Structure formats: C-alpha cells, structure tokens
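One structure below.
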Number of protein chains: 2
Amino acid sequence: MTATDVAQVRDFNRFYTRILGLLDKGILNSEFSLPEARVLYELQHHQPCSASEIILALDMDKGYLSRILKSFSRKGLIILQATESDARVSLIKLTSKGKLEFDKINTASSNQIKQLLEQLPDTKIKSVITHMQAIKQILNTVN
Amino acid sequence: MTATDVAQVRDFNRFYTRILGLLDKGILNSEFSLPEARVLYELQHHQPCSASEIILALDMDKGYLSRILKSFSRKGLIILQATESDARVSLIKLTSKGKLEFDKINTASSNQIKQLLEQLPDTKIKSVITHMQAIKQILNTVN
DNA sequence: GGAATTAGTTGATTTTGTCAACTAATAGAT
DNA sequence: ATCTATTAGTTGACAAAATCAACTAATTCC
C-alpha cells in the first residue's frame with residue numbers, strides 16, 4: 001500500500017461524494033426529507049421492524065428517529081404493533097398509505113439513476129455495475 | 001439498460017454512502033467541521049480562488065460559505081486579496097497557519113483511508129483502485 | 001445612461017442532528 | 001423475592017448545518 005493508493009481512493013471518494021450529493025438533491029422535490037426517505041426505505045425493506053433496528057441500520061439518533069416516526073404516525077403512514085415479548089418494543093409497520101408514499105419516492109430515486117445511466121451505452125452500464133459490485137465485494141470484507 | 005441495472009447501482013450507492021459516512025465521522029475529532037474541512041481542501045488545491053469558485057466546486061450556499069470564510073479570516077487562516085479586474089471579487093489565499101491546519105486535516109483523512117486499506121492485501125487494494133478509476137472515468141462522461 | 005445582473009454580506013429561519021433527562025420495562029445479581 | 005443496572009423509546013433543549021431573502025456595491029448589457 002502506497003501513499004498514491006491512499007490519494008487515489010480519496011480522489012474517488014471526493015468524486016463519488018459529488019455524485020451522491022447530486023442524487024440526494026433529487027429527493028428534495030419530494031414531500032419527505034432525506035432522513036425521512038431513508039426511514040421509509042428501511043421500513044419497507046425490513047418490515048416489520050423495531051425502532052432500535054432502524055437506529056442500527058441507519059446509524060440514526062434515537063431522539064431524531066422518534067420524532068420522524070411520530071410524524072409518520074400522525075400522517076397515517078405507519079402503525080405500531082405491541083410485541084408480547086417486550087412491552088417496551090413496538091413493531092413498526094407501513095400502512096398502505098405509507099407503502100404508496102414509499103413507492104413514490106422509490107420510483108423517483110430509480111428514475112434519477114435511470115437518467116444518469118441513459119447517457120451511457122449498454123456496455124458502459126454493464127461495466128460500471130461490474131466495477132461497483134467488485135468494489136462492494138472487496139470492501140465488504142473490511143470493517 | 002434494465003431495472004436490475006438501476007437496482008444494482010442503487011444498491012452500490014447505499015453501500016458506498018455508508019462507507020463515506022463512516023469516513024466522515026472520523027473528521028469530527030478535528031477542530032473543523034466537515035464543511036469547513038471541505039473549504040480548506042478547496043482553498044489548498046485551487047489556490048488562490050474566489051468565493052464563487054468554491055461555491056461552484058462544493059455546491060455550497062453563498063451565505064454559508066461567507067460565514068465560513070469570515071470565521072477563517074478571524075482565525076487568521078486566510079487572507080483576501082483584491083482583484084483589479086472586478087472590485088467585487090477577492091482572491092482567497094491560505095496563510096501559512098491555514099496551510100498548517102489543512103495539513104493536519106489532510107493527514108488525518110489519509111490515515112483513515114490507510115486504516116481501511118491496511119485490512120486488505122495489496123492485490124485487493126490495487127483491484128479496488130482500478131475499479132474506482134474505471135467507474136470515475138465512465139461516469140465522468142455524463143452530467 | 002439606466003436597467004438587469006452579479007459578488008458577496010447579513011438577517012432570519014428551517015432542517016438536521018445531538019445530548020440529556022425521563023419513564024416504564026427488563027435483565028442480572030444477590 | 002428484591003434491588004440495582006440497563007434498556008426502549010419519548011421529550012426538552014440546544015447546536016450545527018443549511019437555506020432563503022434582502023441588501024449594497026460593482027459590473028454588464030441594451
């Protein structure tokens with residue numbers, strides 16, 4: 001490992017931070033904030049789950065999550081279901097309204113990537129994906 | 001381009017967002033915030049430059065940048081140099097104190113990547129870098 | 001010359017996020 | 001069984017990051 005290696009990784013990180021930043025901005029047209037969108041995503045994909053699970057998955061502050069969930073509850077996007085094993089824990093489920101909202105955000109996010117990829121020929125798309133998967137595979141082996 | 005392509009890119013983006021988030025947290029031990037660190041970086045690498053150039057490079061709000069620069073000026077990290085061609089524009093330069101501060105942050109950032117890469121054999125490091133550079137090259141051709 | 005635009009500052013506010021204190025429940029030690 | 005320590009989640013208070021509007025002085029454009 002050389003200093004050049006480090007510099008090159010950092011260069012990529014600066015580059016990709018920019019890409020992700022541009023994608024994140026696309027969400028701002030939505031009724032939901034970025035953190036809210038992330039919570040919705042987590043609720044849809046690990047359904048049903050507890051607050052603690054979301055906190056872990058998103059590395060989110062419990063106070064902040066509590067507020068977001070409260071807001072979701074008021075808007076009818078989630079229901080809380082008591083658990084028998086631990087009275088302090090509720091399982092959070094998306095309502096059908098919540099699922100509709102998730103679908104809207106999900107579609108918008110996918111459309112953003114679509115717009116990005118549409119500018120590339122299919123071979124380049126496949127190439128990017130292969131590289132991405134390779135990176136993920138390698139970095140998944142470290143902390 | 002298929003829906004699977006889109007899903008795979010999104011998967012990588014979620015993955016890499018996490019990696020970057022963990023790296024960003026490492027900066028929090030520093031006297032400077034993340035946005036400030038970014039401005040310092042930009043000042044060092046595009047030296048001298050105007051406020052507008054930083055705004056563009058970092059996609060940062062001019063009001064926010066103005067405050068950061070004001071803080072830097074008070075701390076003696078930068079000097080402003082009037083330009084002859086346009087009286088509204090100043091060129092911002094790091095002082096030697098500013099450069100020292102940049103060096104500290106820069107070293108800390110590199111050490112973070114080093115810690116990440118140290119967990120990998122050299123072949124994997126080279127592989128990751130090759131993949132990163134390939135992605136960057138391809139995505140640099142789109143908006 | 002005058003209107004429109006721009007560079008950067010400042011005021012005010014919102015959003016995101018953090019930390020502490022709390023209550024009720026559970027786990028662990030005695 | 002009892003008591004202490006820990007935990008799940010809520011709420012209060014606050015800080016940091018970010019945004020938006022209004023502004024002044026300078027420049028550009030018609």
Side-chain angles (χ1 to χ4, degrees), chain A residues 17-18 20-22 24-43 46 48-75 78-93, chain B residues 17-18 20-22 24-43 46 48-75 78-93:
Chain A
T17 293
R18 244 188 117 62
L20 292 173
L22 292 173
D24 283 346
K25 280 195 198 284
I27 288 261
L28 297 182
N29 296 325
S30 138
E31 173 192 340
F32 297 102
S33 69
L34 203 43
E36 286 175 328
R38 289 196 176 119
V39 173
L40 274 178
Y41 180 87
E42 206 57 32
L43 288 172
H46 300 100
C49 63
S50 67
S52 293
E53 282 170 310
I54 302 178
I55 288 164
L56 261 184
L58 299 182
D59 193 36
M60 195 180 249
D61 179 74
K62 62 187 179 186
Y64 195 39
L65 178 62
S66 187
R67 291 186 164 84
I68 288 174
L69 292 179
K70 192 168 180 174
S71 157
F72 282 178
S73 190
R74 270 192 323 246
K75 290 176 183 169
I78 60 173
I79 53 169
L80 303 188
Q81 185 170 74
T83 62
E84 298 203 339
S85 51
D86 189 336
R88 299 168 303 178
V89 177
S90 301
L91 291 184
I92 307 155
K93 293 184 163 187
Chain B
T17 293
R18 246 189 117 60
L20 292 174
L22 292 173
D24 283 347
K25 278 192 199 280
I27 290 265
L28 297 184
N29 297 325
S30 142
E31 173 191 341
F32 297 102
S33 69
L34 204 46
E36 286 174 328
R38 291 199 173 113
V39 173
L40 274 178
Y41 180 86
E42 208 56 35
L43 287 172
H46 302 100
C49 62
S50 66
S52 294
E53 283 169 308
I54 302 178
I55 288 164
L56 261 185
L58 300 181
D59 192 37
M60 193 178 250
D61 179 74
K62 64 187 173 183
Y64 196 37
L65 178 63
S66 187
R67 289 184 167 85
I68 288 173
L69 292 178
K70 192 168 183 174
S71 158
F72 282 359
S73 189
R74 269 195 321 249
K75 290 177 187 170
I78 61 172
I79 52 170
L80 302 189
Q81 185 172 73
T83 64
E84 299 204 341
S85 50
D86 187 336
R88 299 167 304 176
V89 179
S90 301
L91 291 185
I92 307 154
K93 294 185 168 188

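Bear in mind the structure is a predicted one, so any value in this text is a computation, not a measurement.
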So, OP1 or OP2 of D:dG9: does either fall under 4.0 Å of a side-chain N or O from A:Ser90? no
A:Ser50 side-chain proximity, nearest of D:dG9, D:dA17, C:dT16: D:dG9
Atom-pair distance (CG on B:Asp86; P on C:dG8), nearest Å: 8 Å
Answer yes or no: does a side-chain N or O of A:Lys62 lie under 4.0 Å from OP1 or OP2 of C:dT18? no
Report the residue (A:Tyr64 or A:Ser85) whose heavy-atom-nearest nucleotide on DNA chain C is the more 5′ of the two. A:Tyr64
Send over the distance from A:Leu91 CG to D:dA8 C1', rounded to a whole Å. 13 Å
Please determine whether any donor N or O and acceptor N or O are separated by less than 3.5 Å between the side chain of A:Arg88 and the base of D:dA8. no
Per A:Lys70 side chain, nearest of listed nucleotides D:dT11, D:dA18, D:dT27: D:dT11
Considering only heavy side-chain atoms of A:Val89, the closest of D:dG9, C:dT26, D:dA17 is D:dG9
For DNA chain C, whose closest nucleotide is more 5', that of A:Gly63 or that of A:Glu84? A:Gly63
Side chain of A:Arg67, base of D:dG12: donor and acceptor closer than 3.5 Å? yes
Is any side-chain nitrogen or oxygen of A:Ser52 closer than 4.0 Å to OP1 or OP2 of D:dT7? no
Of the listed nucleotides D:dA26, C:dC19, C:dT10, the one nearest the side chain of A:Asp61: C:dC19
Starting from P on C:dT18, measure out to CD1 on A:Ile55 and report it in whole angstrom. 12 Å
